[in-house]
Amino acid sequence: MKQEAQYTVDGIYIRDRDGRVVLPRGCNLGGDSKMPFSPPGNPLSFDISFTGRPFPEADADEHFARLASWGFTFLRFVITWEAVEHAGPGVYDEDYLAYLRSILKKAETHGISVFIDPHQDVWSRWTGGDGAPGWTLEAAGFDLSKITASGAAFTVASEGSDYVPMSWGLNYLRYAAATMNTLFFGGTVFAPGRLVDGIPIQEFLQGHFITAMRHTARRLKDCKAIIGFGIFNEPHYGFIQLSNLGGHHRIQSPSGSVPSAFQAMAAASGYPQQIKRFTLAGALTLPGKTVLNGAGISLFREGFECPWKEAGVWAVEAGKPVVKIPDYFKRFPAGNTDGRLADFAEDFLKPFQKRFMEEVSVKHEHYIFFPEGVPFAHRVSWKEADRVRSDGIRFSVVEAAHWYDGLTLIFKKWRAWLTADGETRIPVFGADAVALSVIRQLERLAGHPRRESLPVLLGEFGVPFDLSGGKSFRTGDYSEQEKALGVYYDAIDATLLPSTIWNYSASNTHADGDGWNTENLSIYCTDGGTGVAGGRALRGFSRPYAMAVAGLPLKMHFNRRKREFILEWEASAGSTEVFVPDHWYPEGWRASFTGGNALLEEKPEDQRLFVQVQEGGICRISVVPLEEEPTSSRSE
């Protein structure tokens, strides 16, 4: 029996079963799901289990009830490829999948919808992130025990006290993650001779990943909470599209050392390299150099060598590595095509994403898919013809994008008067200018897909809770985080974007954060927080918003100082539903309406306001604290 879709895609809008436009709001659940639940300590082993992520089954009702009380009824549900297939190719962890089913069945009872996010960062835990099983690296010829020793990646464990917070992204520029991403997305083009058990390595990797996600969908087929799937979190070029092997892709870290693409290759093959040091996210080069792989250890297992050396990209001459084809990854190799320039998004990312949707949607035609582009870089263009399966059935696509206030995220300082445009890196000064800049950045982020008649989800954004050296943990004062989140959600309201904040980690503590690479962005903490049951900066992320609109939403705004919420919409038949959290209105609230005749049903006990409009037209609802007079007729 075909499952009925909870949500459908209609142009730039997402609609519910009643045909109302929905603006889903929730969080990523959770940041600690990147790590195994057992054994403790994040061992780099295949003998692990993710059963217990995002939380033990016995605790599920408590967590889901808390999220629902905050108005979060839509979750980006984090899993990893490793969680499903860690033991070996084609060996699935059925206990974990049975656990997931039990958790998601509980989500249904709390009115919570999810889409599954197959998460990855810098490829895998072995390469300083999360996502892929360790055996994928072995398939590429890597000796797992030599990844850090050869300089191919670094981890919190390998760096110890020298680990720089928010530096994990530099692993994208190290050999292991760069090579694995290149092989995954473009191995057939750039490493045509690299086979695994007689299968081209790109097909081997993509085939196993997609089949694992198909198997996951099959095991969760009766979970009504699931509305769809993400595809691949924050895809990265690897080496693809580099103009010259003497360079590298964009640096996004406060400081560190970065090899060029060629230096990364040479070091991984046992040739020590002196690499540049930098600070301020790559803006300034520091004096002195860091030696990468000073011991001259080769990354590769016996019988294997660098696939790029095999492809003739570089060679060893007179005992030294030398570049042979400096622009190898810039264009399709000669003999493969006419040598045209490579476009990562269109030539490599889009075919993979279309294949994923094609295969996972079999028997799951109601699923919505949430593809992503490269953060702050290239996105896939989803023309109408690209959203049709080979059998003529149309995909439902919502483009998922990520945005962070880079200065706050990387340097862990909130300055209301200072930011930088995430794409252009142009600095912005002044509190009003910063707030406007965030709106403009989200407008630009949403503009491209909306012009292609696609809805947009802001799938990740957030703020570190260890700002200013963890001052909030000592004082219990999260006002800085509340103010930052207030600016971000003001922009989300202004652009009418569905959103899922990063993140809710059920195991978060002040000391260990989210349990991954020293990050601490969880809105929940077991050490407690301000507000309801462990919520940190509660009024920053839980605020009034339109959950469902009967008609077309035109404007949404919340004045945090006056605690006045305004919604304007072009009404049609149906009930418009607004979330009104009691922590913003402990004394109660009142609503008023302009724009014709309407029935207002106020349900403070459910933190809801329902508006049933009797006729069409432009309508406006205002919510204010109970003791104040409503100002619904005042222009903003």
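All of these numbers come straight from a predicted model, not from anything done at the bench.
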Quiz question: by atom type and distance under 3.5 Å, do the side chains of [X] and [Y] form a donor-acceptor pair?
X	Y	answer
T188	E203	no
W123	T136	yes
S257	T290	yes
S45	D47	no
N508	S505	no
H110	D61	yes

* Determine yes or no for a side-chain-to-main-chain donor-acceptor pair under 3.5 angstrom, with T127 supplying the side chain and V122 the backbone. => yes
Where do [X] and [Y] come nearest, in terms of heavy atoms and distance?
X	Y	value
P307	F300	CD-CE2, 4.3 Å
H402	N233	CE1-OD1, 3.0 Å
F541	R536	CE2-O, 3.1 Å
P43	P40	CD-O, 3.9 Å
T518	D466	O-OD2, 4.2 Å

Output the distance between atom [atom1] ([X]) and atom [atom2] ([Y]), rounded to the nearest 0.5 Å.
X	Y	atom1	atom2	result
M180	F185	CE	CZ	11.5 Å
F72	C27	CZ	SG	5.5 Å
Q241	D343	CD	CG	5.5 Å
Q120	F232	CD	CZ	4.0 Å
L195	Q202	CG	CD	12.5 Å

How about [X] and [Y]: are their ring centres within less than 6.0 Å of each other?
X	Y	result
Y328	F190	yes
W126	H86	no
F344	H236	no
F115	F229	no
F473	F465	no
F329	W314	no
Y172	Y237	no
F37	F50	no
W135	H208	yes
H63	Y524	yes
F461	Y404	no

* Among I275, L245, L173, find the one that has a side chain to side chain contact (heavy atoms under 4.5 Å, CB included) with Q263. => I275
* For E57, all residues meeting side chain to side chain donor-acceptor pair (under 3.5 Å), sequence neighbours excluded -> none
* Is there side-chain contact between L242 and I240, with heavy atoms separated by less than 4.5 Å? -> no
* **pair M166-Q252: side-chain heavy atoms closer than 4.5 Å** => no
* Would you mind listing every side chain to side chain donor-acceptor pair (under 3.5 Å) that reaches into residues 297-306, with sequence neighbours excluded? => E305-K309
* **Residues E94, R219: salt bridge by 4.0 Å N-O rule** => yes
* To do: Under the salt bridge (Lys or Arg N to Asp or Glu O under 4.0 Å) rule, collect the residues that match up with D32, sequence neighbours excluded.
  => R53
* Test ring pair (Phe, Tyr, Trp, His ring centres under 6.0 Å) applied to F154 and W168, step by step -> CA-CA 8 Å; F154 64 90; W168 57 264; 10.0 Å; no
